[in-house]
Amino acid sequence: MAKPEVVEIEEDKELPELPNLDKWPKVIMRLAPFPSGPLHIGNARMVVLNDYYVKRYKGELILVFDDTIGSTEKVIEQDAYDLIPEGLDYLGVEYHKTVYKSDRIDLFYKYAVDLIKRGEAYVCDCDAAVWRNEHKVKGIPCSCRGLDSQENLARWEKMLDGTYAEKEAAVRLKTGMTDPDPAMRDHVILRISENEHPRVGMKYRVWPLLEYSWGIDDHELGVSHIIRGKDLVKEGKIEQHIWSLYNWPHPELMYYGRLKFEDAKLSKSKSRKEVHDGTYSGWDDPRTWSLQSLDRRGIDAEAVRKAMLDLGLSIVDIKISMKSVYSENRKLRDAETPRAFFVQDPVWIAAENLDRGLIEAHIPVHPDFPERGLRKIPLHAVDGKSIFGVQQSDLSRFKLGTLFRLKDMANFTLEKKNPPIAHYHSSEVEQVRKVNGPIIHWIPREGSVPIEMTLVDGSTVMGLAEPGVEKMKVGTFLQFERVGFARIYKTGDPIQVSFAHK
RNA sequence: GCCCCGAUAGUGUAGUCCGGCCCAGCAUCUAGGGUUUUCGACCCUAUGACCCGGGUUCGAAUCCCGGUCGGGGCACCA
């Protein structure tokens, strides 16, 4: 019997297995964005990684809005509650349920009381700065730490009922004052904040901190594996402390390093300001680098996913280039992308002595797939004359007498520069090839359509595209020959497109 | 000051757990060539890396020790 070939079903399993799969009945993971705005390219790593593993193990993914009241610098953006799911849909992320931290405050209170009763937490009324300098740094417990649970419970009630003002008291978890790592000493897990919350208003004045709320929720929600940025390793340790206290199984913690982009500066707070000011066109302005903005530019979500997955799970901080995303995008979309001519701020050339038979230009919709047919551009010649627009930078490098070709149309010689006049020379491309003459793109004066193109830096340029673009639908991803890829995001006059990449 | 983590070509990554198949694979970038009526795609070629120093070993990118450099934490932020 012939030896059967080794069966390789080799899916794209380039990422390592999740640890301790056998310890968990099901892989359950979570996405925990803070709703300060839409997800951007920098958040994509967290999202894609979690989604990837959940799909790989047919597990469950929970979207948890980590919307406890933050510091005054970290503000919840109401719109984010919708913008985040929108971004997830774009990325093709499948999540199975949505949870709001702000709905679970009572749960955190319940455990807080329990921890106090057990003597694992206490209400500390020390001044934050004093505590930091005199107790944490020196490893010396404050007097609150020794209070009995009755007294602590009484203080806890005073936090809830408003006897204590903001900053006057906080609950600390006894992670240990002798821990060699100062970062781990009796961390605050609940504190008072009277800021209004966009979802629950003024219902609560005591709010949990991230590490505490997750210490409870990762267990309550049945989370088996956690993949998150390494800025949260200390938080992970505190969570483990809580899990141990209750003898809960420890979810598997995995961290990845910080991701930066050479060619994109990400700042949610700046974006937020500029969007509200109207400086940015909205949350899909390319300068926000939001997932919405990538969608608007025609970046295929698959390109983002691929680029993110290629980074793996390394914990080192890395700086990559958007070029890797663009490269993936080209691979994904180039073959299906129709071509068109677009000329920014065209310079008009009077073309004379046109061949009588020259009525339209015939250009392949896609050069690699001739079977897709031709796009036809009427030339509107009258008495052998017509007017064409070309790129200033092309024209300015031509000398008088230069033989050049308007791509897929005909060859001309430049007769005069100011104003530009060109004479028809011949029709076959070989003529310019022989002299290695330039072949440039162009648009007819008659019938071309105005285009406003938004560049990656948010600036816009105006120009004209060949007539056929007028009939294209919103969402069409196209390539302006010699210019780059772009997507139509709004039709009308002008048609609005967003530049994607070269 | 105290704690933690990391180090493979320009960038990113595989290999490191279980030393030899790695004079180190892949992607991207860059350069050159081919092809193409685009500055796109495609094809070919080229340059280019195991942080340093010791040790263990027949053999180390892989194990051990020391150093250097880099990142992060020490918030009543997330």
Side-chain angles (χ1 to χ4, degrees), chain A residues 14-16 32-36 66-76 101 124-129 131-132 136-139 159 164 166-172 179-185 187-193 206-211 213-214 228-235 237 255 257-259 262 306-307 309-321 323-328 330-331 333-335 337 339-341 361 363-364 366-369 405-411 428-430 432-433 437-441 479-485 501-502:
Chain A
E14 67 279 351
L15 253 33
F34 178 70
S36 57
D66 210 349
D67 61 346
T68 54
I69 288 220
S71 60
T72 36
E73 312 90 69
K74 289 201 173 171
V75 191
I76 293 173
K101 267 290 174 58
C124 176
D125 65 359
C126 298
D127 177 78
W131 199 88
R132 190 183 315 129
K136 178 170 64 189
V137 173
K138 298 179 180 171
M159 284 178 72
Y164 283 123
E166 281 188 35
K167 307 268 182 197
E168 285 185 355
V171 181
R172 291 185 186 277
D179 194 301
D181 182 357
M184 289 303 293
R185 293 175 192 155
H187 215 268
V188 167
I189 57 172
L190 294 123
R191 50 76 163 82
I192 300 165
S193 169
V206 175
W207 288 88
L209 272 81
L210 176 148
E211 48 273 55
S213 69
W214 277 114
R228 60 178 165 199
K230 73 167 182 189
D231 46 316
L232 261 19
V233 309
K234 176 203 71 185
E235 285 68 17
K237 285 183 188 167
Y255 302 96
R258 192 170 170 200
L259 172 63
E262 290 166 0
K306 178 78 163 45
L309 256 16
D310 274 351
L311 305 179
L313 265 163
S314 90
I315 197 167
V316 224
D317 291 346
I318 52 174
K319 192 170 197 176
I320 64 164
S321 165
K323 283 177 181 169
S324 57
V325 175
Y326 300 155
S327 167
E328 293 298 336
R330 259 185 239 113
K331 263 180 220 162
R333 306 253 238 209
D334 183 75
T337 302
R339 268 51 180 174
F341 286 151
I363 314 170
H366 190 122
D368 301 338
F369 304 93
R405 179 172 181 78
L406 295 183
K407 189 170 177 289
D408 294 296
M409 193 234 287
N411 310 324
E428 295 311 309
V429 67
E430 282 68 31
V432 289
R433 283 239 176 90
I439 298 173
I440 64 171
H441 59 111
Q479 188 214 41
F480 290 133
E481 299 195 33
R482 302 214 302 151
V483 175
F485 294 86
H501 50 77
K502 267 273 181 197

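To the nearest angstrom, P of B:C39 lies 12 Å from CZ of A:Phe341. Rounded to whole Å, atom P of B:C39 lies 7 Å from atom CZ of A:Arg482. In this structure, A:Lys407 atom NZ and B:U37 atom C1' are separated by 5 Å, rounded to whole Å. The distance between atom CG of A:Asp334 and atom C1' of B:C43, rounded to the nearest whole Å, is 15 Å. A:Arg339 has its CZ atom 9 Å from the P atom of B:A41, to the nearest Å. To the nearest angstrom, C1' of B:U38 lies 13 Å from CZ of A:Phe480. Across the protein-nucleic acid pair, A:Ile318 atom CD1 and B:G10 atom P stand 17 Å apart, rounded to whole Å. Separating the CD atom of A:Gln479 from the P atom of B:U37 is a distance of 15 Å, rounded to the nearest angstrom.
Side chain A:Asp408 to base B:U37: a donor-acceptor pair is found below 3.5 Å. A:Glu262 contributes no side-chain N or O that forms a donor-acceptor pair with the base of B:U11 under 3.5 Å.
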Just by protein heavy atoms under 4.0 Å, how would nucleotides 72-78 of chain B read 5' to 3' in B, S and -? -BBSBBB

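Using C1' as the reference atom, B:C21 and B:G59 are 14 Å apart when rounded to the nearest Å. Comparing the same atom, P, in B:A27 and in B:U45 gives a spacing of 12 Å after rounding to whole Å. Straight-line distance between the C1' atoms of B:A9 and B:G25: roughly 12 Å, to the nearest whole Å. Remark: the separation of the P atoms in B:C42 and B:G70 is 39 Å, to the nearest Å. Straight-line distance between the P atoms of B:C51 and B:A60: roughly 15 Å, to the nearest whole Å. The gap from the C1' atom of B:C18 to that of B:C23 amounts to 24 Å, rounded to the nearest Å. On the P atoms, B:C65 is 15 Å away from B:C4, given to the nearest whole Å. Comparing B:G48 with B:C29, their C1' atoms are spaced 11 Å from each other, to the whole Å.
Closest approach of A:Ala170 to A:Val188, counting heavy atoms only: CB-CG1, 3.9 Å. The two residues A:Arg172 and A:Cys124 make their nearest non-hydrogen contact at NE-SG, 3.4 Å. The minimum heavy-atom distance linking A:Thr68 with A:Phe34 is given by the pair O-CE1, 3.8 Å.
The phosphate of B:G12 has neither OP1 nor OP2 within less than 4.0 Å of any side-chain N or O from A:Lys323. Between A:Ser314 and B:U13, a side-chain N or O to OP1/OP2 separation shorter than 4.0 Å is present. For the OP1/OP2 pair of B:A41 and a distance below 4.0 Å, the side-chain nitrogens and oxygens of A:Arg330 include at least one atom meeting the criterion. For the OP1/OP2 pair of B:U37 and a distance below 4.0 Å, the side-chain nitrogens and oxygens of A:Arg433 include at least one atom meeting the criterion.
For the pair A:Glu328 and A:Asp368, both in contact range of RNA chain B, the more 5′-proximal nearest nucleotide belongs to A:Glu328.
Remark: A:Arg258 CZ is loosely packed, at most 12 non-hydrogen atoms of other residues, nucleotides or ligands lying under 6.0 Å away.
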Does the pair A:His366 and A:Asp334 meet the rule for a side chain to side chain contact (heavy atoms under 4.5 Å, CB included), with working shown? CA-CA 9 Å; A:His366 190 122; A:Asp334 183 75; 4.1 Å; yes

May I have the step-by-step check of salt bridge (Lys or Arg N to Asp or Glu O under 4.0 Å) for A:Asp179 and A:Arg185, ending in yes or no? CA-CA 6 Å; A:Asp179 194 301; A:Arg185 293 175 192 155; 6.0 Å; no

Could you walk me through whether A:Leu209 and A:Leu190 pass the side chain to side chain contact (heavy atoms under 4.5 Å, CB included) test, one step at a time? CA-CA 6 Å; A:Leu209 272 81; A:Leu190 294 123; 5.7 Å; no

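Taking a cutoff of 4.0 Å between a charged side-chain nitrogen and a carboxylate oxygen, A:Lys74 and A:Asp67 do not qualify as a salt bridge.
Partner of A:Glu328 under the salt bridge (charged side-chain N to carboxylate O under 4.0 Å, His left out) criterion, chosen from A:Lys306, A:Arg333, A:Lys323: A:Lys306.
Remark: RNA chain B forms stems of 3 or more consecutive Watson-Crick or G-U wobble pairs, all pair distances under 3.5 Å, at B:1-7 with B:68-74, B:10-13 with B:25-28, B:30-34 with B:42-46, B:51-55 with B:63-67.
Backbone-only contact: A:Asp310 has heavy atoms under 4.0 Å from sugar-phosphate atoms and none from a base. Counting any heavy atom pair closer than 4.0 Å across all strands shown, A:Pro180 reaches sugar-phosphate atoms only and no base atom. Residue contacts for A:Ser324: at a heavy-atom cut-off of 4.0 Å it reaches no nucleic acid atom on any strand shown.
Taking the side chain of A:Ile315 as heavy atoms from C-beta on, and the options B:G6, B:G40, B:U37, the nearest nucleotide is B:G6. Checking B:U28, B:C39, B:G40 against every side-chain atom of A:His366, the shortest atom distance belongs to B:G40.
In this structure, the side chains of A:Trp207 and A:Arg191 come closer than 4.5 Å at one or more pairs of heavy atoms.
A:Arg330 places a side-chain N or O within 3.5 Å of a backbone atom of A:Lys502 that can act as its donor or acceptor partner.
Classified by interplanar angle (parallel below 30°, tilted 30° to 60°, perpendicular above 60°), the ring pair A:His501/A:Tyr326 is parallel.
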